[in-house]
2 protein chains.
Amino acid sequence: MHRFSKKVSMTVVKRLPKYYQYLTDLQLNDIEKISSRELASLMGLTASQIRQDLNSFGGYGQQGYGYNVGELREAIKEILGLDSEYNCIIIGGGNMGHAIANYERFKREGVILKGVFDVDPLTVGTVVGSVVVKHMDELDEFIKANEIDIAILCVPREVGQKVATQVTDLGVKGILNFSPLDLTVPNDVVVENVNITDSLFTLTYLLGE
Amino acid sequence: MHRFSKKVSMTVVKRLPKYYQYLTDLQLNDIEKISSRELASLMGLTASQIRQDLNSFGGYGQQGYGYNVGELREAIKEILGLDSEYNCIIIGGGNMGHAIANYERFKREGVILKGVFDVDPLTVGTVVGSVVVKHMDELDEFIKANEIDIAILCVPREVGQKVATQVTDLGVKGILNFSPLDLTVPNDVVVENVNITDSLFTLTYLLGE
DNA sequence: CGTAATTGGTACATATTGTTATAATTAATT
DNA sequence: AATTAATTATAACAATATGTACCAATTACG
């Protein structure tokens, strides 16, 4: 759990995964140190903003030197909660569920796929990612038995809210929501939406500008 | 092309697809009129903000009456550019490409899937969505011949920039980017990113708060 | 030890959002 | 037809949030 003196705004939080990505790349290229100015040029931000962003979590840089890539990456990894492991399930074994299940990156960062669920008899029993798809009837039992932290929703709009309510009732505290609707969940549950339709429409808007 | 007196901020633009979604739902439920107060309660915004948002594009409401759902929906549809049609291609016929290709919503809103491309010999020739997957070797010819407006990138990180450059060189002006990297494109090209890894990391961050 | 580089933090500027108030307009009621 | 209630459009303002500029303090390094 975080204990930062300053409260951090959502816009800053949304930049953290980007920092993490760039720092990971730098480390892979054996770059040991980087200045805010260099990182800014790389990421298309201002050096000032980067220093401000990073400093809201703590003084990871060294004056006159810059930032140690490895240390900063580890720090951000921890801030993002990626030093812990998470058990996750995918609900909806269609193409989108399939796609997510095969994201190697998830496992590499400690998000472990424990199960995939669907209602379609043709899908149940097939292998998706590393697991065999189970029927939704088994969901309640499974979540209780496996301490699931995150549910990834890839279900049709019509059943999205129902499924969200079901999993949060069972104690799931995080939802990555690919279903194109706004979910209503308890206060202690966090939802991150990936709304592909909205993204497409934003694109068509921008095309007309 | 838009001709609005006021310039509209990106935060407002990002809300437009939401308005469109809610208005579409209202219309499906045969609701003919709605006040800013009612819509605000539905969407979790303030009435004032809704009036301000909508008014930045024109006076679609009627004093003493509210907004006509059908008219407002049509207006937003046009603002979003969804009164035109767009030819699109998907690059990368893996699970993600598959998932997008089967989104019925895209076609319904005038975004027509013209082709799917991949390099994998096992994927080329299979049917994805409504089309047969072609080899990337045919991409250049195809884009020229079919006036492609939008390219949907579902390729691995390593080749994302290369493909983006290729399609923009051929005149594609919009990219919906599912590949987890930041693309560099010409000024007149618009990119909308859907970064699933970033979304997951935002979720793990929020879980630790 | 001196110089150049660089952060941390503060102050400032800009953008966004929310609130309040009011005139204009419409619908509903009597 | 007149009155009342509802509601938007618009402006002004306040409160936040976000981004930028600056500079003292610190460090690296020759």
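First the proteins, then the strands, lettered A, B, ... as listed; each starts at 1.
Counting to the nearest Å, the P atom of dG9(C) and the CG atom of Leu54(A) are 12 Å from each other. Nucleotide dG19(D) holds its P atom 8 Å from the CG atom of Asp53(A), rounded to whole Å. In this structure, CG of Leu72(B) is placed 11 Å from P of dT8(D), rounded to the nearest angstrom. One interatomic measurement links the two molecules: CG of Asn55(B) to C1' of dA11(D), which rounds to 11 Å at whole-angstrom precision. Between the CZ atom of Phe57(B) and the P atom of dT8(D) there is a distance of 18 Å, rounded to whole Å. Following rounding to the nearest Å, Arg37(A) (CZ) and dC22(D) (C1') show an atom-to-atom distance of 16 Å. Between Ile50(A) atom CD1 and dG8(C) atom P the separation is 12 Å, expressed in whole Å. Rounded to whole Å, the distance from OH on Tyr67(A) to C1' on dA5(C) is 13 Å.
Contacts between residues 10-29 of chain B and DNA chain C, defined by a heavy-atom separation below 4.0 Å, involve Thr11(B), Arg15(B), listed by number.
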With a cut-off of 3.5 Å and sequence neighbours excluded, list every side-chain donor-acceptor pair involving residues 190-197 of chain A.
{"from": "Glu192(A)", "atom 1": "OE1", "to": "Lys14(A)", "atom 2": "NZ", "distance (Å)": "3.4"}
{"from": "Glu192(A)", "atom 1": "OE2", "to": "Lys14(A)", "atom 2": "NZ", "distance (Å)": "2.3"}
{"from": "Asn193(A)", "atom 1": "OD1", "to": "Asn177(A)", "atom 2": "ND2", "distance (Å)": "2.8"}
{"from": "Asn195(A)", "atom 1": "OD1", "to": "Thr197(A)", "atom 2": "N", "distance (Å)": "3.3"}
{"from": "Asn195(A)", "atom 1": "OD1", "to": "Asp198(A)", "atom 2": "N", "distance (Å)": "3.1"}
{"from": "Asn195(A)", "atom 1": "ND2", "to": "Asp198(A)", "atom 2": "OD2", "distance (Å)": "3.3"}

Using atom types as modelled, flag every donor-acceptor pair under 3.5 Å from a side chain in residues 109-117 of chain A to any protein atom, sequence neighbours excluded.
{"from": "Glu109(A)", "atom 1": "OE1", "to": "Tyr20(A)", "atom 2": "OH", "distance (Å)": "2.8"}
{"from": "Glu109(A)", "atom 1": "OE2", "to": "Tyr20(A)", "atom 2": "OH", "distance (Å)": "3.4"}
{"from": "Glu109(A)", "atom 1": "OE2", "to": "Arg105(A)", "atom 2": "NE", "distance (Å)": "3.1"}
{"from": "Glu109(A)", "atom 1": "OE2", "to": "Arg105(A)", "atom 2": "NH2", "distance (Å)": "3.1"}

Side-chain donor-acceptor contacts of residues 85-93 of chain B below 3.5 Å, not counting sequence neighbours, with atom names and distances?
{"from": "Tyr86(B)", "atom 1": "OH", "to": "Gly81(B)", "atom 2": "O", "distance (Å)": "2.8"}
{"from": "Asn87(B)", "atom 1": "ND2", "to": "Asn146(B)", "atom 2": "O", "distance (Å)": "3.1"}
{"from": "Asn87(B)", "atom 1": "ND2", "to": "Glu147(B)", "atom 2": "O", "distance (Å)": "3.3"}

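Residues Met96(B) and Met96(A) meet the side-chain proximity criterion, which asks for heavy atoms closer than 4.5 Å. At least one side-chain heavy atom of Thr202(B) sits less than 4.5 Å from a side-chain heavy atom of Met10(A). Side-chain contact check for Tyr67(A) versus Leu26(A): every heavy-atom pair is 4.5 Å or farther apart. Leu153(A) is listed as a side-chain neighbour of Leu183(A), based on a closest heavy-atom distance under 4.5 Å. Residues Tyr22(A) and Ile34(A) fail the side-chain proximity criterion, which asks for heavy atoms closer than 4.5 Å. Side-chain contact between Ile150(A) and Thr204(B): present, with at least one pair of heavy atoms (C-beta onward) separated by less than 4.5 Å.
Checking side-chain atoms of Ser35(B) against main-chain N and O of Gly66(B) turns up no donor-acceptor pair under 3.5 Å.
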* Do His98(B) and His98(A) pass the side-chain contact (heavy atoms from CB on, under 4.5 Å) test, and can you show the C-alpha distance, the side-chain angles, and the key distance before you say yes or no? -> CA-CA 10 Å; His98(B) 242 100; His98(A) 243 97; over 6 Å; no
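Residue Ser9(B) places none of its side-chain N or O atoms closer than 4.0 Å to OP1 or OP2 of dA15(C).
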What are the atom names and distances for every N/O pair under 3.5 Å that joins the protein to nucleotides 19-22 of chain C?
{"from": "dT19(C)", "atom 1": "O4", "to": "Gln52(B)", "atom 2": "NE2", "distance (Å)": "3.1"}

For nucleotides 26-30 of chain C, list the nitrogen or oxygen atoms of the protein found under 3.5 Å from its nitrogen or oxygen atoms, one pair per line.
{"from": "dT26(C)", "atom 1": "O4'", "to": "Gln63(B)", "atom 2": "O", "distance (Å)": "3.0"}

